[in-house]
Amino acid sequence: MHTFVLIPGAGGDARYWSRLGPELLDRGHHVVAATLPASDPSAGLAEYADVVVDAVGDLRGVTVVGQSLGGFTAPLVASRVQASLIVLLNAMTPKPGETPGEWWEATGFGQARVVQAERDGRDLDAEDLVADVFLHDVPADVVAELNGTDPTQSEGPFGLPWPLTSWPDIPTRFLQGVDDRFFPVEFQRRLVRDRLGIAVDEMPGGHLVALSRPAELADRLDRYRAELVGDPR
């Protein structure tokens with residue numbers, strides 16, 4: 001049995017993984033999905049990593065998956081729990097000394113979104129960030145289940161620099177939904193190549209692919225485990 005440690009993005013809500021978790025369990029794996037103290041303005045990346053490491057406990061050789069903002073936390077956790085694999089999912093890729101708050105301008109995120117929206121024929125000014133950008137491909141019944149949940153993301157982690165001096169010496173894969181309207185795939189291809197020196201793996205789906213395509217995502221993660229970790233179920 002292999003363990004997948006699932007780190008959510010902004011808002012820090014482990015319920016984001018509510019559809020993926022059962023799929024991984026059905027494939028014979030164990031899942032650790034921690035809720036981060038995202039609403040606490042005094043909590044930064046170090047505190048986020050502490051929460052996940054505490055949830056992992058004595059487990060070692062795990063796969064750490066970081067979604068979106070979780071890309072800043074995933075390598076911090078992976079280096080402390082002797083992870084076998086890091087998977088960045090539609091993630092922000094940090095570099096040493098950069099704060100999450102600086103990431104947006106440093107990477108050219110804003111212009112990349114404009115270019116992608118023009119290519120798609122979408123009007124960014126007319127779009128609702130949640131309904132049209134994050135949830136556009138999530139099934140209606142799943143969206144209905146999410147109604148009333150509005151995780152708060154404080155500014156806590158955005159002002160402190162990413163503390164590692166280099167990326168951990170741990171095999172890393174980057175998986176990107178090609179229908180992501182928030183982090184366009186072409187933007188991610190460039191950024192990941194420049195910062196990690198690896199290619200982006202691609203799959204159908206938008207920014208919240210764990211909600212829109214959980215079975216396909218679980219298959220991808222299981223394949224990574226088999227190819228790179230190679231441990232028995």
Side-chain angles (χ1 to χ4, degrees), residues 2-17 20-21 24 29-38 43-57 59-101 103 107 151 153 156-158 160-177 180 182-183 188 191-192 194-201 203 207-210 217-218 220-222 224-225 228-229:
H2 188 70
T3 297
F4 288 89
V5 178
L6 308 179
I7 302 174
D13 195 336
R15 287 176 295 181
Y16 168 65
W17 305 109
L20 177 65
L24 292 171
H29 303 307
H30 179 57
V31 172
V32 174
T35 292
L36 306 179
L45 295 175
E47 287 74 22
Y48 288 13
D50 286 345
V51 167
V52 181
V53 170
D54 286 347
V56 172
L59 295 170
R60 294 294 180 266
V62 302
T63 290
V64 177
V65 182
Q67 155 77 21
S68 197
L69 177 60
F72 271 81
T73 303
L76 305 182
V77 172
S79 61
R80 292 172 59 183
V81 300
Q82 300 173 27
S84 298
L85 178 65
I86 299 170
V87 179
L88 300 180
L89 178 63
N90 293 342
M92 299 168 71
T93 304
K95 70 176 183 179
E98 179 181 76
T99 71
W103 182 92
T107 60
Q153 177 59 58
F158 288 94
L160 296 175
W162 193 62
L164 299 185
T165 57
S166 62
W167 195 261
D169 186 20
I170 298 169
T172 300
R173 293 292 181 267
F174 195 106
L175 182 58
Q176 177 68 29
D180 191 341
F182 193 57
F183 293 156
Q188 294 283 45
L191 186 64
V192 172
D194 291 348
R195 293 195 167 190
L196 297 180
I198 62 176
V200 167
D201 294 333
M203 65 173 288
H207 192 64
L208 302 182
V209 69
L217 176 56
R220 294 284 187 131
L221 295 176
D222 195 28
Y224 287 150
R225 174 206 59 81
L228 297 175
V229 180

Donor-acceptor pairs under 3.5 Å, side chain of residues 46-54 to any protein atom, not counting sequence neighbours: which ones?
| from | atom 1 | to | atom 2 | distance (Å) |
| --- | --- | --- | --- | --- |
| Glu47 | OE1 | Gly44 | N | 2.8 |
| Tyr48 | OH | Gln153 | NE2 | 3.1 |
| Asp50 | OD1 | Arg80 | NH1 | 2.8 |
| Asp50 | OD1 | Arg80 | NH2 | 3.3 |

Check your understanding: Among all residues two or more places apart in sequence or in another chain, which pass the salt bridge (Lys or Arg N to Asp or Glu O under 4.0 Å) test with Arg60?
Key -> none
**Study point:** Validation row: Glu98, Met92 side chains within 4.5 angstrom (heavy atoms)
**Key:** no
Point to revise | 4.5 Å side-chain heavy-atom contact, Leu175 and Leu217 | key: yes
Point to revise | Flag side-chain contact, heavy atom, 4.5 Å: Leu221 against His29 | key: no
Point to revise | Considering all heavy atoms, the nearest Leu45-Pro100 contact | key: CD1-CG, 4.1 Å
Practice item. Can you measure from CZ (Arg195) to CG (Leu88) and round to the nearest 0.5 angstrom? Key: 12.0 Å
Point to revise | Contact check, side chains of Trp103 and Leu69, non-hydrogen atoms, under 4.5 Å | key: no
Point to revise | Tyr16 side chain vs Ala210 backbone, donor-acceptor pair below 3.5 Å | key: yes
Point to revise | Any side-chain heavy-atom pair of His2 and Leu24 under 4.5 Å | key: no
Which atom pairs, one a donor and one an acceptor, fall under 3.5 Å between side chains of residues 167-174 and the rest of the protein, sequence neighbours left out?
| from | atom 1 | to | atom 2 | distance (Å) |
| --- | --- | --- | --- | --- |
| Trp167 | NE1 | Thr172 | OG1 | 2.8 |
| Thr172 | OG1 | Ile170 | O | 2.9 |

Check your understanding: With a 4.5 Å heavy-atom cut-off, do Val65 and Trp17 have their side chains touching?
Key -> yes
Exercise for review: For the residue pair Leu36 and Pro157, establish whether any side-chain heavy-atom pair is separated by less than 4.5 Å.
Suggested key: no
**Study point:** Enclosure of Arg15 CZ (heavy-atom neighbours >12, cutoff 6.0 Å)
**Key:** no
Exercise for review: Only one of Ile7, Leu59, Leu6 passes side-chain contact (heavy atoms from CB on, under 4.5 Å) with Val32; say which it is.
Suggested key: Leu59
Practice item. Go through the structure and list residues passing side-chain hydrogen bond (donor to acceptor under 3.5 Å, both in side chains) with Asp201, not counting sequence neighbours. Key: Tyr224
Study note, to complete from the structure: So salt bridge (charged side-chain N to carboxylate O under 4.0 Å, His left out) across residues 68-79, not counting sequence neighbours, yields none
Check your understanding: With a 4.5 Å limit on heavy-atom distance, are the side chains of Pro8 and Asp13 in contact?
Key -> no
Study note, to complete from the structure: Looking only at heavy atoms, the pair that brings Ala83 and Val64 closest together is CB-CG2, 3.9 Å
Point to revise | Residues that Gln176 engages under side-chain hydrogen bond (donor to acceptor under 3.5 Å, both in side chains), provided they are two or more places apart | key: Asn90, Asp180, Gln188
